[in-house]
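Each chain gets a letter, A, B and so on, in the order its sequence line appears, and its residues count up from 1.
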There are 2 protein chains.
Amino acid sequence: MTIYDVAHEAGVSVATVSRVLNNTAPVSPKTKQKIMTVIEKYQFQRNALARSLKKKETRTLGIILPDITNPFFPEVFSGIELEARENDYTLFLCDTMGEYERETQYLYMLRERQVDGIVFLGGRINLSKVEQNLAEELQTFAQRVPTVLVNGSIPGNPIHRVCVDEGAGTEQAVRHLLALGHTDIAFIGGLEYMTTTMQKIRAFKKVFREHGLTVRKEWILYDDFSLNAGKRQMKKLLHMSHKPTAVLCVNDYTAVGAIQEAGRRGYSIPNDISIIGFDDVPLATAILPEVTTVSQKTELLGRTAISILHKLIQKEKVKKLTVIEPELIIRESTAQL
Amino acid sequence: MTIYDVAHEAGVSVATVSRVLNNTAPVSPKTKQKIMTVIEKYQFQRNALARSLKKKETRTLGIILPDITNPFFPEVFSGIELEARENDYTLFLCDTMGEYERETQYLYMLRERQVDGIVFLGGRINLSKVEQNLAEELQTFAQRVPTVLVNGSIPGNPIHRVCVDEGAGTEQAVRHLLALGHTDIAFIGGLEYMTTTMQKIRAFKKVFREHGLTVRKEWILYDDFSLNAGKRQMKKLLHMSHKPTAVLCVNDYTAVGAIQEAGRRGYSIPNDISIIGFDDVPLATAILPEVTTVSQKTELLGRTAISILHKLIQKEKVKKLTVIEPELIIRESTAQL
DNA sequence: GTGAAAGCGCTAACAT
DNA sequence: ATGTTAGCGCTTTCAC
């Protein structure tokens, strides 16, 4: 059923039907009524494809992320969805499952589908050294379709982005530990070549330096971002002759893994060791002790990304970088030395 | 840039360009080459809107689910994505956040967008008594666009569905507990009017009946599906004069909540109380003790849903109901009485 | 092997 | 207030 069928059945022209559908010009109550009756009778729904083709706007957005299974992403997706809904966008969700090549594929696919904009999380924009061609590709893309990066960047920062200040968050965490009397602090997890990891370690070192302390190189343990990373590296730490009294983790997932491993080996958290996470995903309050962590304000992060993207789409002026201040959430996994 | 521009630049007709783009008819190597050159030079990408409008197929699917923040759903979404990708579908993700009204909105929206099919998880199809009009709406919808329901149904089962046999899974769990010597078993969580809850309780009772046991009414504790539900109801249980020695939880989330609460009150799991979850989300292995649970085989579930949907779309014959057998995963939260 | 042209369902400029 | 009509960018039939 098309707009023509409706027009015919109601004895009017397609233009008039279009007018009542879009409320785009005055139509007499009578004809309007006639048309509405037909629409309801046949449950007519217009074809968004045709509409978008003509209007050159799809009201659709692409979200590219590396792993929906990692609890951080559903949380920010939730914020994205909320804000998108308010602005009447529908979302394509593209999970690259950590493969950079797939990012490229999705980028092309989304352009073919004429999305009004995209938001890009994780993946290549988290690499401290982005391959030249990956960066260029994304930049070229961003010139053609409005794009915002979340918690990441590419060299030269040519693309709009919204970021949590992970350095500031880490500083808060370290200061908290210091205030509790800890100076033997280790850092667990995160791939060395990702900015999330680097920023945190940099901030960690900075605070130490300010306090005239130095961080022990053997206590900086790189790994991936998984639960098992936390377990593995905690185990390593616990085998050392000189053990830290507190450990900072790259995210809540690894923190939980670390806590589990410590518990399994008979250590009591936080009495024997203080542990601190990052992100504040629901998992952080699921375990005993509940994890002290740094909130990324995930919902706000998602909402902000869309609100910026929306402005970009309307060609409003927006500043290139929006920073979100994280917040230390003190719970049960940290204690006085 | 359109196909016309390409045609013009290459000195051929649009038909020919279309032919090489779609490989839909033989084109001489020479002209093909000319066209490819132009395409690469200008980075031409075709407009999927126009294409879909003409072909009456969009290669898009709508996924409607109640809460992407609940770890069960990202897991099945992952399976969905995997299978969708293999069949070249792109996904609209619609999170209703538990609001039935929003399901309706998304249903309409997806039809306007001409999706080739939808998969529907949770929400109204999980209600043991679906409101008449909600059921009808969905049924009418399913007649017009291929639809598959995951872990749910509506009266009369007119729509294709794929379900995990939650009853069978629960039976395995109860038998496991029985085998460990437990007969004082409680059940925690789940809204009373949802099928996920009902099916489990029914199976629970059935196994008890078979063994000549009866379940204590005061040990069946309804609540929602959250972590806090687990905490709340475990607390209640622990305040009773006669306490169960084992508890069955409606999902892993509540199981973890229950474990946390028990631990907080000084009970040792599984020594004092055995606890068993359902779903087998990653959370289940994140805590100490790792939780014994029933795997829903989430990835398989997602993949199956799409593979059925795909067949439906191609108008292949598919059986109305596909059942997936769950599997008991014995870990650390259950022990001999 | 290639081209001309109709048409997918809609919007919007122009006419009445 | 309403109708006519020209596209939007593509696929596909029908000619040649």
In this structure, how many angstroms lie between the [atom2] atom of [N] and the [atom1] atom of [X], rounded?
| X | N | atom1 | atom2 | value |
| --- | --- | --- | --- | --- |
| B/N22 | D/dT11 | CG | P | 4 Å |
| B/M1 | D/dG9 | CE | P | 12 Å |
| B/E57 | D/dC10 | CD | P | 16 Å |
| B/D5 | D/dG9 | CG | P | 8 Å |
| A/L53 | D/dC10 | CG | P | 9 Å |

Practice item. With the side chain of A/K56 defined as its heavy atoms from C-beta on, choose the nearest nucleotide among D/dG9, D/dT4, D/dA6. Key: D/dG9
Review point. When you match B/K54 and B/V12 each to their closest nucleotide on DNA chain C, which lands nearer the 5' end?
Key: B/V12
Could you pull out the protein-nucleic contacts involving nucleotides 14-16 of chain D (nitrogen or oxygen on both sides, under 3.5 Å)?
none

Review point. Thinking salt bridges, do A/R124 and A/E137 make one under a 4.0 Å N-O criterion?
Key: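 Looking at A/R124 and A/E137, the cut-off is met.
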Check your understanding: For B/E81, what residues pass the side-chain hydrogen bond (donor to acceptor under 3.5 Å, both in side chains) criterion, not counting sequence neighbours?
Key ->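 Per chain and number, B/E81 pairs via side-chain hydrogen bond (donor to acceptor under 3.5 Å, both in side chains) with A/Y106, B/R85.
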Short question: side chain of [X], backbone of [Y] - any donor-acceptor pair under 3.5 Å?
| X | Y | value |
| --- | --- | --- |
| A/D116 | A/L61 | no |
| A/N157 | A/S153 | no |
| B/T195 | B/N126 | yes |
| A/N47 | A/T2 | no |
| A/Q45 | B/Y108 | yes |
| B/H160 | B/V318 | yes |
| B/N87 | B/Y89 | no |

Practice item. Return yes if a side-chain donor-acceptor contact under 3.5 Å exists between A/E131 and A/Y100, otherwise no. Key: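 Distance-only check fails for A/E131 and A/Y100.
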Point to revise | No-hydrogen, no-angle side-chain donor-acceptor test under 3.5 Å, A/T60 and A/T58 | key: no
Point to revise | B/F92 and A/F92 aromatic ring geometry - parallel, tilted or perpendicular at 30°/60° bounds | key: parallel
Exercise for review: Give me the residues of residues 24-33 of chain B where at least one heavy atom lies under 4.0 Å from an atom of DNA chain C, by number, or none.
Suggested key: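 Listed by number, they are B/P26, B/V27, B/S28, B/T31.
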Practice item. Scan residues 35-45 of chain A against DNA chain D and write down, sorted by residue number, each residue with any heavy atom closer than 4.0 Å; if none is found, say none. Key: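 Heavy-atom cutoff 4.0 Å gives no residues at all.
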Exercise for review: At the 4.0 Å heavy-atom cut-off to chain B, mark where contacts on DNA chain C begin and end, going 5' to 3'.
Suggested key: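 So the contact region on DNA chain C extends C/dG1 to C/dG9.
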Exercise for review: Answer yes or no: does a side-chain N or O of A/S13 lie under 4.0 Å from OP1 or OP2 of D/dT2?
Suggested key: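 It does not, given that no N or O in the side chain of A/S13 lies less than 4.0 Å from OP1 or OP2 of D/dT2.
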Study note, to complete from the structure: Terminal axes of the helix from C/dG1-D/dC16 to C/dT16-D/dA1 (5 end pairs apiece), angle rounded to 10 degrees, sit apart by 40°
**Study point:** CA sep, side-chain torsions, deciding dist, call: A/T304, A/S307, side chain to side chain donor-acceptor pair (under 3.5 Å)
**Key:** CA-CA 5 Å; A/T304 308; A/S307 111; 5.9 Å; no
